[in-house]
Amino acid sequence: MSEATTKSMDAIMALCKRRGFIYQASEIYGGINGFWDYGPLGAQLKKNLRDAWWQDMIMNPCWGRKGPNGERVSCVPVETRIIQHPKVWEASGHVAGFNDPMTMCKECKKLMRADHVWVARLAREGEWLSFLQNTQAWNQRGGLAIPEYFTLLFGGSSLTPEERADLNAVVAITRSERPNLPAGPKFSVLAGGQDEALEQLAMTELPAKVRKHLRDERFQLAMLYRLGDPIQDDGYAPCPHCRAENCLTEPKQFNLMFPTVVGATGDWEQNKAYLRPETAQGIFVQFKNVVDTTRIRVPFGIGNTGISFRNEVTPRNYTFRSREFEQAELEFFCHPDDSQAWYKFWRDFRMEWWKSIGLASENLILREHDKDELSHYSTGTSDVEYRFPFTAPGFGELEGIAHRGCYDLSQHQQHSGVKLDYFDTDRGELLPNGSKKGERYIPHVIEPAAGLDRGALALICEAYTRDESRPSPEFLKLHPRIAPIKAAVFPLVKKDGMPEVAEHLHQELSRRFGHMGFIETDEKQSIGKRYARMDEAGCPYCFTIDGDTLKDQTVTVRDRDTGAQERMAIDKVAGFLGEKLL
RNA sequence: GCGGGCGUAGCUCAGUGGUAGAGCGUCAGCCUUCCAAGCUGAACGUCGAGGGUUCGAAUCCCUUCGCCCGCUCCA
């Protein structure tokens, strides 16, 4: 077991509250589900994380490294709005995709996505037709022939390969008696009610035996449909888990999008809008403007940090899944031929980056998504995952790096009617005048999308350390770049002119490093207590003015992690600290 | 949304029908020349909220909110 699994989340939460990292939102009113605030140290810690991202992704991308094209990586920032035109979310697929009907079994209490519950209806042709013809959806389609209707129902672009295979199997059953029904726990059978024995069999023995009976000439038709699809069954569908009958609740709509109203009249119908569920779409929507108004050229990235909102079904695990959260997203645009190389480049760099700000490698993994886990438009997605105390021995996602192809730009081009392709003058055959012919294409996109709140939480969890052998057993081993308190200056005792020297040094350090975090000073109580307080808040260095300082202008610097002290000239302190905070 | 657990000072918790407590922390003073030291003192509570039962409720009942865990979900 790694160290992370032995850390107590309760203790971490207590420390976060006690030292002003994280508070419950609206706490004096009893809190509000799924929302958390940051206190003084938390706010600064998160700003440090955001600044580190901004520096290493936008201002000096990838620490100045060259990309797969052999040139320096180039990125620019934008700041786009939380509220976008409602059509942005239709184009992106969020309005449809964030709408998951859920159903629950009253018997075994399992909750499942209704569209994951496949219901097979077996019936004679006549029964099937009358069933279909009584549905609203059927009539709206003008009574299409069954194969066409299948296609309409299941042929949508949101089908996963697995679902498509199921559909093909069903169509095959209906046409040529070649069933190939899927196995699996999420499969429920609803048989036509004429033959009880057969019905029982189909209920309990699927899928092996149902194939056999589907060959029976009495059962010419079978159909798979999903709860939540336009065709509803009669409420008879058995639970795929416990097989109890008539136990599934009516599918209930969950919409993860946060609706709001634009305009003071509050007219929901006319002016309904959404708080963004991700920052990425603002970038795609401004892609053309950035290309047109800057001299940047593909390949390049556009970054955006900011708050997003999702009406999570179950906010949980402290700040890990909040309804309001901050993202740091980069959309990196490149030629389709180069996209795989860039995908690998970003995936590897992002992993390295998280390590560089203090996440230990044994608690961090890069998980490549399986093929069937990918969105239909993605040819590759990896997650950077951290082993939180509450996920251990499993991991929780910090960042997703997705190859999104040209999906988003194409969608927005289609929905807005505005051309979003790019004319690349570095490509195409060489012309007699020495220039190139150029190539017009819709760039492919690599999207490293990080969660800043999750990142901050991971950094705190990773930093949290208990060492009973220390005078101050509980402390935060935060990376100096992330630590909200950068340094503290103490007079060893409150006399003999030490406070004055300390005050002077404190002022100097504040002037120089105050933009990076707090510089503290404290002359009250014993020196041990003051060190301990700084340890608990994660302050990496304490400078102490003692009797020798007055004689030879030296101070001690104490290292948080080891407690070791070193003596240095007082005029070297700023240089020392500046070096450490890089 | 279902089930389980929890909610008392900043933190950790005791208190099961009879005056709201302890330790730690915080603050002030004294002391103190390097690791939560010592002494003295102080502040800090709608007992998560609302309602009910009772002479009397932190305690019993109902409702509600929040947190944690499981199911489940998670671009």
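Since the model is a prediction, treat every value here as computed from it, not as a measurement. Per chain, numbering begins at 1; letters A, B, ... match sequence-line order.
Dashed line: the shortest gap from a side-chain N or O of N33(A) to OP1 or OP2 of C67(B) is under 4.0 Å. When the side-chain nitrogen and oxygen atoms of K17(A) are compared with OP1 and OP2 of G10(B), none of them lie within a distance under 4.0 Å. Taking only side-chain nitrogens and oxygens, N317(A) never comes nearer than 4.0 Å to OP1 or OP2 of C67(B). Within the structure, every side-chain polar atom (N or O) of T314(A) is placed at least 4.0 Å from both OP1 and OP2 of U72(B).
The 12-atom threshold is not exceeded at NE2 of H504(A), counting heavy atoms of other residues, nucleotides or ligands nearer than 6.0 Å. Around atom CD of E79(A), no more than 12 heavy atoms belonging to other residues, nucleotides or ligands sit under 6.0 Å away.
Across C67(B), U33(B), C34(B), the shortest atom-to-atom separation from the side chain of T544(A) is found for C34(B). Here the nucleotide nearest the side chain of T556(A), chosen from C34(B), A75(B), A36(B), is C34(B). If you check C34(B), C11(B), C67(B) against the side chain of L492(A), the one that comes closest is C34(B). In the set C11(B), C35(B), C68(B), C68(B) carries the atom at the smallest distance from any side-chain atom of W36(A). Distance from the side chain of M498(A) is smallest to U33(B) among U33(B), C34(B), C68(B). Across U33(B), C69(B), C35(B), the shortest atom-to-atom separation from the side chain of I527(A) is found for C35(B). If you check U33(B), A37(B), C35(B) against the side chain of P471(A), the one that comes closest is C35(B).
Within the 4.0 angstrom heavy-atom criterion, no nucleotide atom of any strand lies near R470(A). If you check every strand for non-hydrogen atoms under 4.0 Å, Y29(A) touches nothing. When heavy atoms are screened at a 4.0 angstrom cut-off, G34(A) is found touching the sugar-phosphate backbone but no base atom. Across all strands, F490(A) comes closer than 4.0 Å to no nucleic acid atom at all (heavy-atom distances). Among the atoms of the strands shown, none is found under 4.0 Å from any heavy atom of T381(A). Across all strands shown, E312(A) has no heavy atoms under 4.0 Å from either base or sugar-phosphate atoms. At the heavy-atom level, M9(A) lies nowhere under 4.0 Å from the strands shown.
For the P atoms, the distance from G48(B) to C55(B) is 25 Å, rounded to whole Å. For the C1' atoms, the distance from U63(B) to C24(B) is 36 Å, rounded to whole Å. Taking atom C1' on both nucleotides, G7(B) is separated from G15(B) by 15 Å, rounded to a whole Å. Comparing the C1' positions of A20(B) and C13(B) gives an interatomic distance of 14 Å, to the nearest angstrom. Nucleotides G1(B) and G10(B), compared at atom P, are 31 Å apart to the nearest Å. Taking atom P in both C11(B) and G5(B), the straight-line distance is 24 Å, to the nearest Å. Remark: the separation of the C1' atoms in A28(B) and A14(B) is 29 Å, to the nearest Å. Rounded to whole Å, the separation between the P atoms of C6(B) and U16(B) comes to 15 Å.
Here G38(B) sits opposite C30(B) as a Watson-Crick or G-U wobble pair (both hydrogen-bonding atom distances under 3.5 Å). With a cut-off of 3.5 Å on both Watson-Crick or G-U wobble distances, the partner of G66(B) is given as C6(B). G17(B) is unpaired under the criterion used here, namely a Watson-Crick or G-U wobble arrangement in which both key atom distances are under 3.5 Å. Under the Watson-Crick or G-U wobble criterion, with both distances below 3.5 Å, A58(B) is left unpaired in every strand shown. Summarising the base pairing, C44(B) is matched to no nucleotide, lacking a Watson-Crick or G-U wobble pair whose two defining distances lie under 3.5 Å.
Following rounding to the nearest Å, R323(A) (CZ) and C67(B) (C1') show an atom-to-atom distance of 14 Å. Across the protein-nucleic acid pair, D561(A) atom CG and C35(B) atom C1' stand 15 Å apart, rounded to whole Å. Rounding to whole angstrom units, CD1 of residue I545(A) and P of U33(B) are separated by 17 Å. Counting to the nearest Å, the C1' atom of U33(B) and the CZ atom of R567(A) are 11 Å from each other. U33(B) atom P lies 13 Å from atom CG of L550(A), rounded to whole Å. Summarising the geometry, the separation between CD on E397(A) and C1' on C73(B) is reported as 14 Å, rounded to the nearest angstrom. Atom CZ in R316(A) sits about 8 Å away from atom C1' in G70(B), given to the nearest Å. Computed from coordinates, the I28(A) CD1 to C47(B) P distance equals 15 Å when rounded to whole Å.
Test R560(A), R470(A), R466(A) against D535(A) for salt bridge (charged side-chain N to carboxylate O under 4.0 Å, His left out) and you get one pass: R470(A).
Taking SG from C406(A) and CD from Q413(A), the interatomic distance works out to 9.0 Å, rounded to the nearest 0.5 Å.
Annotation: cation-pi pair R558(A)/F543(A) absent, no NZ/CZ under 6.0 Å from the ring centroid and within 45° of its normal. The cationic atom of R350(A) (NZ for Lys, CZ for Arg) lies less than 6.0 Å from the six-membered ring centre of W353(A) and within 45° of the ring axis.
Across R19(A) and A537(A), no two heavy atoms sit closer than the pair NH2-CB, 3.9 Å. C16(A) and I460(A) get closest at one heavy-atom pair: SG-CG2, 3.8 Å.
Of the residues near RNA chain B, E536(A) and E447(A), the one whose nearest nucleotide (by heavy atom distance) lies more toward the 5' end is E536(A). Judged by closest nucleotide on RNA chain B, G528(A) is the one of M13(A) and G528(A) placed further toward the 5' end.
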Which atoms of nucleotides 23-30 of chain B (N or O only) lie under 3.5 Å from a protein N or O atom, and what are those distances?
residue: U26(B); atom: OP1; partner: R533(A); partner atom: NH1; Å: 2.2
residue: A28(B); atom: OP1; partner: K524(A); partner atom: NZ; Å: 2.6
residue: A28(B); atom: OP2; partner: K524(A); partner atom: NZ; Å: 3.4

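Ring centroid separation for the pair F388(A) and F395(A) does not come in under the 6.0 Å cut-off.
Remark: side-chain polar atoms of R454(A) are paired, donor with acceptor, to backbone N or O of F320(A) under 3.5 angstrom.
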Using atom types as modelled, flag every donor-acceptor pair under 3.5 Å from a side chain in residues 495-503 of chain A to any protein atom, sequence neighbours excluded.
residue: E503(A); atom: OE2; partner: Q507(A); partner atom: NE2; Å: 3.4

